[in-house]
A.B. asks: 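Below is a structure I'd like to ask you about.
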Amino acid sequence: MVAQVEQHIGKIALLVADYDAAIAFYTQKLQFRLVEDTLLAGGKRWVEIAPPNTIGTHLLLARASNDAQRLAVGNQAGGRVFLFLQTNDFWRDYHQMQANGVIFNEEPREEAYGTVAVFQDLYGNKWDLLQLHTTP
């Protein structure tokens, strides 16, 4: 008998220019939690953040360390939406993020799949704030 394959994406690396500025943005403006911040050799750090009550994928903040990486900070998806922040209460999070100074690129809209609005992180990466419609 063949064993069932079990896989998941544990972490997504997000290039940042500065660890502390990124931690401050994500924890203060998006209310993420700091999962880990460990000093490594060579001045690097292992910094993981995650939305509150997340089970699963975390973001690994990776400070850009060469010219190619520095050019990719804020443009990891070539100008497209890079990450999707799903919520159980779109309007609660939208208003809280606005109050915290998060920049939205558009007004919220209703789509067949849910309520969504594009916002940007401190470096300009585009994100969707998304509440999926529940199916009956």
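Just so it is clear, the values below take in all heavy atoms, side chains as well, and ignore hydrogens, waters and symmetry mates.
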A.B. asks: Within the supplied structure, the quantity of interest is the number of heavy atoms (other residues, nucleotides, ligands) at a distance under 6.0 Å from Ile9 CD1; does it exceed 12?
C.D. replies: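 Counting other residues, nucleotides and ligands, CD1 of Ile9 stays at 12 neighbours or fewer.
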
A.B. asks: Would you give the length of the straight line joining atom CG of Leu59 to atom CD of Glu48, rounded to the nearest 0.5 angstrom?
C.D. replies: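 These two atoms lie 9.5 Å from each other.
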
A.B. asks: Compare all side-chain heavy atoms of Leu61 with those of Ile49 and state whether any distance is below 4.5 angstrom.
C.D. replies: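 Result yes, sub-4.5 Å side-chain heavy-atom pair found.
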
A.B. asks: Please tell me whether Phe25 and Ile12 are part of a single hydrophobic cluster in this structure, the criterion being side-chain heavy atoms less than 4.5 Å apart.
C.D. replies: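 As far as the 4.5 Å side-chain criterion goes, Ile12 and Phe25 are connected within one cluster.
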
A.B. asks: Find out if a path of hydrophobic residues (ILVMFWY) with successive side-chain heavy-atom gaps under 4.5 Å connects Leu129 to Val116.
C.D. replies: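 As far as the 4.5 Å side-chain criterion goes, Val116 and Leu129 are not connected within one cluster.
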
A.B. asks: Can a donor-acceptor pair be found, under 3.5 Å and without considering hydrogens, that links the side chain of Gln76 to the backbone of Leu15?
C.D. replies: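 Pair found, side chain donor or acceptor close to backbone of Leu15.
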
A.B. asks: Looking only at non-hydrogen atoms, find the nearest pair between Gly43 and Tyr19 and report the distance.
C.D. replies: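 Gly43 and Tyr19 have their closest heavy atoms at O-CE1, 4.2 Å.
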
A.B. asks: Give a yes or no on whether a salt bridge exists between Arg109 and Glu107, defined as a side-chain N under 4.0 angstrom from a carboxylate O.
C.D. replies: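 Salt bridge flag = no for Glu107 with Arg109.
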
A.B. asks: Under a 4.5 Å side-chain heavy-atom rule over Ile, Leu, Val, Met, Phe, Trp and Tyr, are Leu83 and Phe32 clustered together?
C.D. replies: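 Result: yes, single cluster for both.
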
A.B. asks: Treating Asn100 as the side-chain partner and Val102 as the backbone partner, does any N or O pair qualify as donor plus acceptor under 3.5 Å?
C.D. replies: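 Looks like no, no N/O pair under 3.5 Å.
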
A.B. asks: Does any N or O in the side chain of Asn66 come within less than 3.5 Å of the main-chain N or O of Ala68, such that one atom is a donor and the other an acceptor?
C.D. replies: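 Checking the backbone N and O of Ala68 against the side chain of Asn66, a donor-acceptor pair under 3.5 Å is found.
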
A.B. asks: Between Trp91 and Trp127, is there a shared hydrophobic cluster once you connect ILVMFWY residues whose side-chain heavy atoms come closer than 4.5 Å?
C.D. replies: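 Yes; Trp127 is reachable from Trp91 via cluster members.
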
A.B. asks: Does any pair with a residue in residues 23-33 pass side-chain hydrogen bond (donor to acceptor under 3.5 Å, both in side chains), and if so which ones, sequence neighbours excluded?
C.D. replies: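 Those involving residues 23-33 are Tyr26-Asp121.
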
A.B. asks: Check whether the ring centres of Tyr94 and Phe104 lie less than 6.0 Å apart, and answer yes or no.
C.D. replies: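 Tyr94 vs Phe104: aromatic centres under 6.0 Å.
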
A.B. asks: Checking Gln69 side chain against Ser65 main chain: does a donor-acceptor pair fall under 3.5 Å?
C.D. replies: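 A pair under 3.5 Å: yes.
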
A.B. asks: For residues Lys126 and Asn105, determine if any side-chain heavy atom of one lies less than 4.5 Å from a side-chain heavy atom of the other.
C.D. replies: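 Answer yes - side chains close enough.
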
A.B. asks: Using modelled atom types and a 3.5 Å cut-off, is there a donor and acceptor pairing between side-chain atoms of Glu106 and backbone atoms of Val118?
C.D. replies: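 Looks like yes, one N/O pair under 3.5 Å.
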
A.B. asks: So, do Phe119 and Met97 sit near enough that their side-chain heavy atoms are less than 4.5 Å apart?
C.D. replies: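 Sidechains of Met97 and Phe119: in contact.
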
A.B. asks: Taking the side chain as everything from C-beta on, heavy atoms only, tell me whether Leu34 gets closer than 4.5 Å to Ile23.
C.D. replies: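 Side-chain contact under 4.5 Å: yes.
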
A.B. asks: For Gln131 and Thr87, which I'm curious about, is there any donor-acceptor pair between the side chains at under 3.5 Å?
C.D. replies: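 Their side chains do not contain a donor-acceptor pair, so the 3.5 Å distance test is not met.
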
A.B. asks: Counting distance only, does the side-chain N/O of His133 pair as donor-acceptor with the main-chain N or O of Glu111 below 3.5 Å?
C.D. replies: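 Here the side-chain-to-backbone pair exists.
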
A.B. asks: Could you check if a side-chain atom of Leu14 sits within less than 4.5 angstrom of a side-chain atom of Asn125, using non-hydrogen atoms only?
C.D. replies: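 Answer yes - side chains close enough.
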
A.B. asks: Is a salt bridge present between Asp37 and Arg45, judged by a nitrogen-to-oxygen distance below 4.0 Å?
C.D. replies: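 Looking at Arg45 together with Asp37, the answer is yes, because their closest N to O distance falls below 4.0 Å.
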
A.B. asks: Does Tyr123 use its side chain to pair, donor to acceptor, with the backbone of Val16 at less than 3.5 Å?
C.D. replies: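 Here the side-chain-to-backbone pair does not exist.
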
